[in-house]
Every structure is written in structure tokens, then in C-alpha cells.
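Convention: sequence-line order gives letters A, B, ...; per-chain numbering from 1.
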Amino acid sequence: MLSTKGPGTSGLDGKVPPSAKRTDKQVQYVPLNELKVGTVVNVYGVVTFFKLPFSSKGTDLVSTLKITDESGAKVTCIIFGKTIEDHPSLKEKGDIVRLHRFKAESFNDSVTLKSSFGWSVVTFSGVNNSPIVPLTSSKKVSIGEFDERKICALRQWAADESLFCQSSKTTLSSVRPLMFFDLTCQLLAKAVVDSTCVLLKVWDGTRCEYPLQSYTVASDAVEGEDTEAKDRRNLTAYILVYDNHLEVARDLKPGMFLQFYNLRAVLAKDLLPNEPQHLTFHLHSGTSFGRSLRRLPDEALEQHKDLNDDEVPEDVGAFCTRPEADLNKDEVPKDVGVFCRQPEAVETDSCTVRACKQHHAQHFTLEQVRSSTPPQLCHIRARVKDYQPQQLSQKGQARVKQRFLNSMWEADGSRFDQIHRKRQFVFMNSHEELKFIQGTSLGVVCASARCWGRVIPVRAVNEKMALMDFFAPFIFYRGKRFYGCQKCSLPEEERRDFFAVEPLDLLKIAEALRVQLMEYRFLLQFELDDGTGTVDALLWENADKIRKTMDTVHPPDKPLEERPWMDLCLFAYTVEGNVCYQIVNTKVKE
DNA sequence: TTAGGGTTTG
């Protein structure tokens, strides 16, 4: 099972002598739950955590990652390499890595993998159906059919397990005080404060809900253009970068695109009375939690060249918008995206649906849409070639949610159980009609709710009771589950004392705990066709109404050419490098 | 050799 050949004798990336080609028998890979201490192995895995390369106390850069595979085992990997190019080009959690010639060692009662002689690492995107292209710097890598099958299988497995639903990536528009988060942004200005701190001014095209703290720095210490117009619109944020991160920060130039990991949103101190609290961001010292900063490649600049004041719509998160990008904080639960701009209808002759006239979007053919650079807002005219889901029942929605819940709950299981064992208790409160339950399985919570009525699953944080992540239901009420919105609910630090909550109706309980309950929403996916091309577009906004027109816009007995045209407003945006499309500002013609 | 994620903090 193991590849324990001597250095240079196996078909490994760029390290093989010309005589040894990959006509050798297939490289063998070991499942992560079958690692034997002392052996040198090849493995595939999905990255669940990583630290960018940083200087070790020895001679090398070191990067650490944690990977998992279908076996469920999670293994920490340590990579030592002289240069940054030696290290894996990881973009995000969920990336897939292929490690060759790593030695399994024992540390703290677990098996770890360490780069050993002749090692290599190749990274692939973990996005389902994305091209299987090795994300490596300069080495030549051969990818065979086995690799493709393996990568597809891992991608599908990770998607099925919902391993990466809970991204820590966020935008300025969704940052809340005290959060730790990852931020993709553009550098506007830089000032060296002292030998331990650099001040960076950034933006990401979205407006922060909280007033952003500004700093006064001597003008001769500032590098970068004046940003007053953006400042006034609360589009610019300051980041204080400390200690070990200065090595990277010092070389940054305004205009560069940056990726921050584990930024902390801090409320600025020394406020005047009655002054609203201002947010500022810190990149603390150290590398814990993957804390780091890196410059994104120049392609990012090209991709997002449209990011300037005039072209960013007032309410649109135009940069790195996620599929669930919510642009209306009042309406949008965590996993549902709705565009907030109220449509203003344009009458058209023959279409069932009509688009807005609120902005000056150009009319595009679908071929033009596909060749345009996101972010892009445009008007199109198209027919529905196909749509999903065809069965639009409430039950269908519930099943999707159920699967989502199970996987998230299990993902949280390890620490949940750990707390349980340490604390050795299960119940923390025993209201007659409202119970809090900690440290047990989903099945027990469901059974408890059926028995008792209302059950709120909780966990312990610093020996205090806290709600679970909002990916788990906030409350179980008999056979139903109700979710809280992470964005609209108050953070845990501001939670009211649980024991003061009276077991009233659900809304009152949620209100007392400062939780905004989520609603179920329909999502439709259309395959649109206008004769020049096709585009798959999602629809959240007004989906519930538009689905009722499906027999009209997609009559099952008529070919595409005889179906009605629709005027639509389409938003093209990127999600971690992939282009996505949403129908926005569009409603059913009365 | 180095580091070995973990409820963090200017």
C-alpha cells in the first residue's frame, strides 16, 4: 500500500530523473485513517485548515495544514520548504491537496504527516465541476485519470458533507463588532506607525453598517491616494497590522489586492459621550487560527478592475460576492440571498416577467454576458430552457434543510462532545416549558423537543451557556426546527441572561435572546437561452411568486422557440474565482 | 532543525 521507494525513483512531480517516467505502476495512496507511524506515504485530502508559510525558528519556512478524506480522519501536516514556491498554493479551506512522500509521525497521541526527502505537494480547487488544474507555482505536474477521479470524488464528498458551509469570509458590509473574520480587499493607503505596527487603509466595495474609525497620520508618513470620497461613504476601513505580519505589510503598495485571515473587529476606545461606536480592525501578532495576510496575485487586480467609486452600485456588494450574498440586512437569513433594491417596473409587450429601470444597465445578449468581466449588472431578454427544482413542495425544502442540519451538527460534534465530557452535565435549565440542552446528539434533541415542546441546544463558552452556531437550529419546537440568522442576531457577547428568558411563544423567546428567526425561502435555478448562448441563473428575489408562473414561461408541451420571452435584470459576480449569475430587480408582470 | 491549529485580543 505504501510508496516507500527511495528518493527519485517514483514518478513524482518534477523530481524524477528523465529515465524514470510515470509509466511506472500507479502511485499508491493511503486513506488518512490507515496511516502507520514511521512510514512514508502518499495521500490525498481536503484542506480543513491551513496556515500560510511563515518563518520557522530554523532555516525554513513552515506551513501547516489539516486535511481530511472520506475516512473521516483529520490529519495535521507540516511542510518545511526553503521558499514560498516550495509550499502549497492554498486558496481556501476546501482546496484539495495531493501529498507525496510525507512521513507519518506520532505527536501528542495523533499521527501527523511531515514533509520528508523528495516530498511534493500539489493543490487543486475543491469547487465541484471546476477545472482540474494543479494550482502550483512552477513545477510540472502530471495528472492522470486516477487523479481526476480522486479529486472529483473528494470534491463531491466534501460537498455532500457540507464541510465548508460555514465560511469565515465576509465583507465590510457584514462585519460586526468583536467578530473574527477573513477579508478580501484592496489596499488604498499605508502608513508605518512604528516598528511593531503598520496601518493599512482598505476597501472591498461594500459599505460597513457601523461607522468606521479613522486615524490621523502625518501626511508624509502616508503612502497612497486621497480617499476622502470613499471615506465619506463609510467604504474605507483601517487595519492595524502587528509584529510578525509586518514583514508582508511593509512591502505592500496601494492598489494591491489583499487577503486577510482572522482579522478582529474591534470597537474603538476613548469615545466622546454619545458618540457612536466606531469599528477598526486588528491583525494581531502570531499565526494562531491561521492569522495572516497575503497579497493576492495580479490577476485579481485585472479581474476586479471595475472596483471604483463610480461603478460600485450603492447597495451591491460588488466584490467577492458570495452566492448567498445578502444585500438587505433586514430580510436576509444567513443562507438566503435577496437583493434589496426595490424594482421599478418597465412595461414590455409580451413578457411574463419584467425588469427594473432603476439603474442604467446595458442590454446584453447572453453571449455578451458570458464574455463580460464580473461584477456586471445588465438587462437581458431570454427564454427558460429548463429550471430546477421542478417539484416545488414545502416538503422538498424541508429535506434540503434537514440534510444541511445533520452535516453541520456532525461537523461541530467533536468540540460539542469534548465540552460534554469535561463538564459532565447535560441539562442546564429546567423551565417547565423551555429547556436548554447541551452535549448530546441531534437525535436526542429532536426526541426531547417532541417530549417537552421547546428545546434550545446550547454549548458552554468560558463556562457560560451560549447558543450553538446559527447553522444548527436555534430552537426545536415539537417536530419543527427554527433557525436564527447569524447576521441579524446579536453576537453571543451581547446575549441576555438565559435564565431571565420566560418561556413564552417562539417569537418572544427569540426576541428575548436577541435572535432574529429565519424564514424558508424558495430558490429557483433557470437555464436561460436567447439564441446566442445559455446561462444558468439563480433567483431568490420574488422566487415564490415567479414559480407560480412556471407553466407560462416554461410550458411543458411547447418547444423553446415557442416559449415567451422574459425581460430580466441579471447580476454577474464571482464566487471564489467562479462566475455566478443571479436574476435581480425582477418581478412578475401584473 | 524548524512545528506539531484550537474559543484568540494593541
Taking [atom1] from [X] and [atom2] from [N], how many angstroms apart are they, rounded to a whole number?
X	N	atom1	atom2	value
A:His245	B:dT8	NE2	P	16 Å
A:Phe181	B:dT9	CZ	C1'	14 Å
A:Leu61	B:dT1	CG	C1'	14 Å
A:Ile79	B:dT2	CD1	C1'	14 Å
A:His87	B:dT2	NE2	P	16 Å

Need one value for [X]: base, sugar-phosphate or nothing, where a base atom within 4.0 Å counts as base even if backbone is also close, heavy atoms only.
X	answer
A:His284	base
A:Ile78	base
A:Asp60	base
A:Thr59	base
A:Thr112	base
A:Lys66	base

Without hydrogens or angle criteria, can the side chains of [X] and [Y] be said to hold a donor-acceptor pair below 3.5 Å?
X	Y	result
A:Tyr44	A:Asp147	yes
A:Asn128	A:Gln156	yes
A:His100	A:Tyr29	yes
A:Gln259	A:Thr184	yes

Does [X] have a side-chain nitrogen or oxygen under 4.0 Å from the phosphate oxygens OP1 or OP2 of [N]?
X	N	result
A:Lys51	B:dG4	yes
A:Ser56	B:dA3	no
A:Ser288	B:dG6	yes

Judged by each residue's nearest nucleotide on DNA chain B, which is more toward the 5′ side, A:Gly290 or A:His282?
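By nearest-heavy-atom nucleotide position, the 5'-most residue is A:Gly290.
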Which nucleotide, B:dG4, B:dG10, B:dT8, lies nearest any side-chain atom of A:Asn262?
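Between B:dG4, B:dG10, B:dT8, the one nearest the side chain of A:Asn262 would be B:dT8.
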For the side chain of A:Phe289, counting heavy atoms from C-beta on, which of B:dG4, B:dG10, B:dG5 is nearest?
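Shortest atom-to-atom distance from the side chain points to B:dG5.
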Is the ring centre of A:Phe49 under 5.5 Å from the base ring centre of B:dG5, and are the two planes under 30° apart, so that they stack?
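A:Phe49 vs B:dG5: stacking yes.
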Please give the distance between the P atoms of B:dG4 and B:dT9 as a whole number of Å.
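It works out to 16 Å between them.
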Consider side chain to side chain contact (heavy atoms under 4.5 Å, CB included). Of A:Ile79, A:Asn42, A:Val40, which one does A:Trp119 pass it with?
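With A:Trp119 as partner, side chain to side chain contact (heavy atoms under 4.5 Å, CB included) holds for just one option, A:Ile79.
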